[in-house]
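Proteins get letters first, then strands, A, B, ... in listed order; numbering begins at 1 in each.
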2 protein chains.
Amino acid sequence: MSRTEPRATGFIPVSPPTLADVAERAGVSRQTVSNAVNNPDLLRPGTLERVRQVIEEMGYSPNRAARNLRTRSSQLIGLRVAPAQEGTANAMMDRFVHTLVDTSAEAGYHVLLFAGDNEDPVGGYENLMRSTAVDAFVVTDTYLGNPQAAWLSEHRAPFVAFGRPWDDPAATHPWVDVDGAAGTRLATEHLLAKGHTRIAWIGWRKDSPIGEDRRAGWLGAMHDAGLPTTGLASRVEDSVQSGAGAAAVLLDESAPTAFVCASDTLAMGVLHTLWIRQLAPGTDIAVVGFDDSQVAQVFPVGLTSVRQPLEDVAVAIVRALEDLLSHLPATTSGVLLTPTLAVRESS
Amino acid sequence: MSRTEPRATGFIPVSPPTLADVAERAGVSRQTVSNAVNNPDLLRPGTLERVRQVIEEMGYSPNRAARNLRTRSSQLIGLRVAPAQEGTANAMMDRFVHTLVDTSAEAGYHVLLFAGDNEDPVGGYENLMRSTAVDAFVVTDTYLGNPQAAWLSEHRAPFVAFGRPWDDPAATHPWVDVDGAAGTRLATEHLLAKGHTRIAWIGWRKDSPIGEDRRAGWLGAMHDAGLPTTGLASRVEDSVQSGAGAAAVLLDESAPTAFVCASDTLAMGVLHTLWIRQLAPGTDIAVVGFDDSQVAQVFPVGLTSVRQPLEDVAVAIVRALEDLLSHLPATTSGVLLTPTLAVRESS
DNA sequence: AACGACTCCTTGATCGTTCCAATCCAGCTG
DNA sequence: CAGCTGGATTGGAACGATCAAGGAGTCGTT
């Protein structure tokens with residue numbers, strides 16, 4: 001009687017079996033089937049086996065909408081994707097999304113992408129939260145003082161940030177980040193070990209906390225080695241042209257033998273300048289980039305680059321999400337991971 | 001009475017308002033509120049206005065799970081992401097996903113990413129379909145004779161493919177693809193217009209229908225121009241090294257003045273060889289790649305490349321999905337779009 | 001023999017929405 | 001004025017799962 005007549009008619013796709021269908025066929029109650037799926041321990045082994053077999057036979061999977069409605073959870077994690085824009089190297093995001101999807105799948109979650117609107121950055125979040133479409137969010141762009149983290153905190157929406165709360169160290173939300181300073185320190189020490197002493201820095205303008213963090217790693221390593229840094233640093237915007245320009249100026253004025261850059265994009269610029277000047281990367285002048293992007297890997301001269309452990313970031317984020325959603329007291333509020341160095345021909 | 005006491009207690013996030021809450025406050029029935037949201041035309045203007053105001057006041061959004069359960073649709077589109085793997089240039093996928101998310105948002109859909117397992121390529125699809133978690137799928141990797149399209153067709157799962165059904169021209173599912181041959185023809189004709197006559201081809205092995213398609217564009221353009229092609233083509237696997245090797249051989253044996261490549265990866269290899277031989281791309285030898293990937297854009301010498309109209313692909317896919325899900329007769333089964341040429345310094 | 005404790009399973013209610021059929025009401029017709 | 005029409009609104013049922021109680025049945029204890 002749960003399978004009324006009109007449901008099986010016509011060429012319209014036949015509805016999948018329900019809990020009640022399985023129950024009837026197995027000669028047990030709905031709840032028992034439910035338990036077979038969600039709490040197998042509650043059933044006697046014999047019953048469990050029988051129910052499982054019927055489930056298999058009928059190809060039953062719990063209807064997600066019904067389950068979501070009842071349990072008030074969707075097993076979905078929302079991830080905002082910025083509007084498609086040209087040029088910006090988001091190959092890193094690609095790697096991150098892949099690992100996030102893989103990792104959260106293991107924890108029983110799927111990833112829901114939603115469109116971001118630059119005009120109204122929190123609109124998408126609000127919508128999904130109010131309609132209880134996702135259980136939590138992963139927020140990735142916490143760098144510029146964007147209002148998302150604050151807004152989500154205020155509205156008590158569960159979320160984990162990829163990126164430290166730079167502007168508000170007192171923020172209480174969980175976050176995972178990569179230690180940029182440790183990365184550039186790694187790069188600089190690698191160059192020091194190779195015998196370089198005049199190691200230049202090309203980074204971003206002062207208003208980027210991430211940029212300042214990365215710069216600090218270079219500066220610290222140089223100071224620890226007792227080396228001077230005056231005239232060896234420059235701050236430009238993140239583009240190939242700017243990187244090329246900065247490299248040209250530094251080469252003319254300070255004669256460095258190596259460059260550490262805040263991004264692969266800037267490093268590309270350096271390589272460009274070297275190329276024009278007929279200097280061989282790696283032999284004449286060493287170059288290290290940041291992010292280990294696609295370009296670093298395929299460039300005719302492989303670019304040594306600081307590589308973020310995005311797999312570990314994804315794992316940490318998913319773990320934080322699980323803690324958050326199980327209403328456990330958060331184990332820790334922030335996790336800081338250390339990058340590695342992918343060494344190639346350019347250094 | 002719909003708002004029982006315990007719901008508003010404690011620090012546990014207060015439940016969002018429901019249809020019934022809005023109805024009570026507005027002094028109308030649930031159904032009327034529902035109509036205000038979904039079928040405004042059915043309401044008298046005055047009523048509509050009043051209900052809308054209450055909705056606004058209370059910050060009401062329909063609960064997605066409940067709606068999904070009742071309507072048997074989730075407004076979600078499933079997209080499988082291949083397991084994270086190193087090296088393969090999927091920056092194109094990145095661009096595609098962005099535009100797909102944007103486009104489907106306009107049509108009221110979100111994109112659900114799910115993990116793919118190489119062992120069991122259809123497992124993820126089956127799961128989501130049986131649990132009615134998504135309304136349809138977008139399948140992107142139809143190149144190698146993978147079983148997904150066939151499996152989905154067989155199980156009557158709604159889906160649209162990005163990529164032609166090469167192995168089965170009789171397949172009836174909707175698809176959208178980019179005309180690779182037209183792209184390489186465009187590239188070749190661009191080079192012909194620049195005065196080149198000895199234009200070489202570096203492509204993939206014969207078992208790739210996409211590769212053969214792209215090759216055909218070059219071949220056709222050369223034939224149409226009455227130019228010989230013997231000794232000017234080579235087939236290798238898709239890697240920088242292979243491209244570099246092929247370029248070296250071709251330069252030695254056939255003295256081409258230009259290269260058309262089946263991918264940016266191969267074009268990178270060509271540039272590498274030119275670099276080693278101190279030949280200037282663009283002035284000495286012209287090079288054209290395929291996909292307009294990140295590397296093409298930032299390479300010290302900008303790489304001319306065939307650019308797939310991924311935005312248009314996304315739009316066409318979403319349109320096909322809408323047709324499919326509204327149970328309209330599909331307007332057309334397949335859509336073939338023409339790429340453009342992004343001209344840079346290398347040609 | 002009665003009782004509680006425990007295991008295993010079942011029953012009714014519920015989540016929040018939309019579908020369906022029924023009802024109300026004003027305006028028109030004959 | 002009854003009868004009809006059609007637009008606006010309503011109440012009950014259903015979607016398919018889980019939750020919260022409650023019943024059998026078995027066992028050991030008093």
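- The CD1 atom of Ile55(B) sits 12.0 Å away from atom CG of Asp21(B), with the distance rounded to the nearest 0.5 Å.
- A straight line from CG of Leu19(A) to C1' of dT10(C) spans 13 Å, rounded to a whole angstrom.
- Between the side chains of Asp135(B) and Ser74(B), at least one donor-acceptor pair of N or O atoms lies under 3.5 Å.
- Residues Asp94(A) and Val97(A) are not in side-chain contact: their nearest non-hydrogen atoms beyond the backbone lie 4.5 Å or more apart.
- Side chain to side chain, Arg67(B) and Asn38(B) meet the donor-acceptor criterion of an N or O pair below 3.5 Å.
- Side-chain contact check for Val318(B) versus Leu100(B): some heavy-atom pair is nearer than 4.5 Å.
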Below 3.5 Å between N/O atoms, which protein atoms pair up with nucleotides 21-23 of chain C? Just atom names and distances, please.
none

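- Rounded to the nearest 0.5 Å, atoms CE (Met129(B)) and CG (Leu152(B)) are 7.5 Å apart.
- Distance Arg64(A) CZ to dG16(C) C1': 19 Å, rounded to the nearest Å.
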Close N/O contacts between protein and nucleotides 6-9 of chain D (under 3.5 Å):
from, atom 1, to, atom 2, distance (Å)
dT9(D), OP1, Thr47(B), OG1, 2.4
dT9(D), OP2, Arg44(B), N, 3.1

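- The separation between Tyr60(B) atom OH and dG16(C) atom P is 10 Å, rounded to whole Å.
- Using a 4.0 Å cut-off, no side-chain N or O of Arg72(A) falls inside it from OP1 or OP2 of dT14(C).
- Rounded to whole Å, atom C1' of dG16(D) lies 13 Å from atom CG of Asn38(A).
- Residue Arg70(B) places none of its side-chain N or O atoms closer than 4.0 Å to OP1 or OP2 of dA13(D).
- Side-chain atoms of Gln75(B) come within 3.5 Å of backbone N or O of Gly108(B) as a donor-acceptor pair.
- In this structure, Asn39(B) atom CG and dC20(C) atom P are separated by 12 Å, rounded to whole Å.
- Terminal axes of the helix from dA1(C)-dT30(D) to dG30(C)-dC1(D) (five pairs each, C1' rotation axis) are separated by 60°, to the nearest 10°.
- The main-chain N or O of Gly123(A) is found under 3.5 Å from a side-chain atom of Asp120(A) such that the two form a donor-acceptor pair.
- In this structure, Arg130(B) atom CZ and dG16(D) atom P are separated by 16 Å, rounded to whole Å.
- Taking only side-chain nitrogens and oxygens, Asn63(A) never comes nearer than 4.0 Å to OP1 or OP2 of dC15(D).
- Two residues are said to be in side-chain contact when any heavy atoms from C-beta on lie closer than 4.5 Å; Arg164(A) and Leu336(A) meet this criterion.
- You'll find a donor-acceptor pair under 3.5 Å spanning the side chain of Arg30(A) and the base of dG12(C), going by distance alone.
- Tested against Phe137(A), the residues Tyr125(A), Trp151(A), Tyr109(A) include a single ring pair (Phe, Tyr, Trp, His ring centres under 6.0 Å) partner, Tyr125(A).
- Across the protein-nucleic acid pair, Leu69(A) atom CG and dT18(D) atom C1' stand 10 Å apart, rounded to whole Å.
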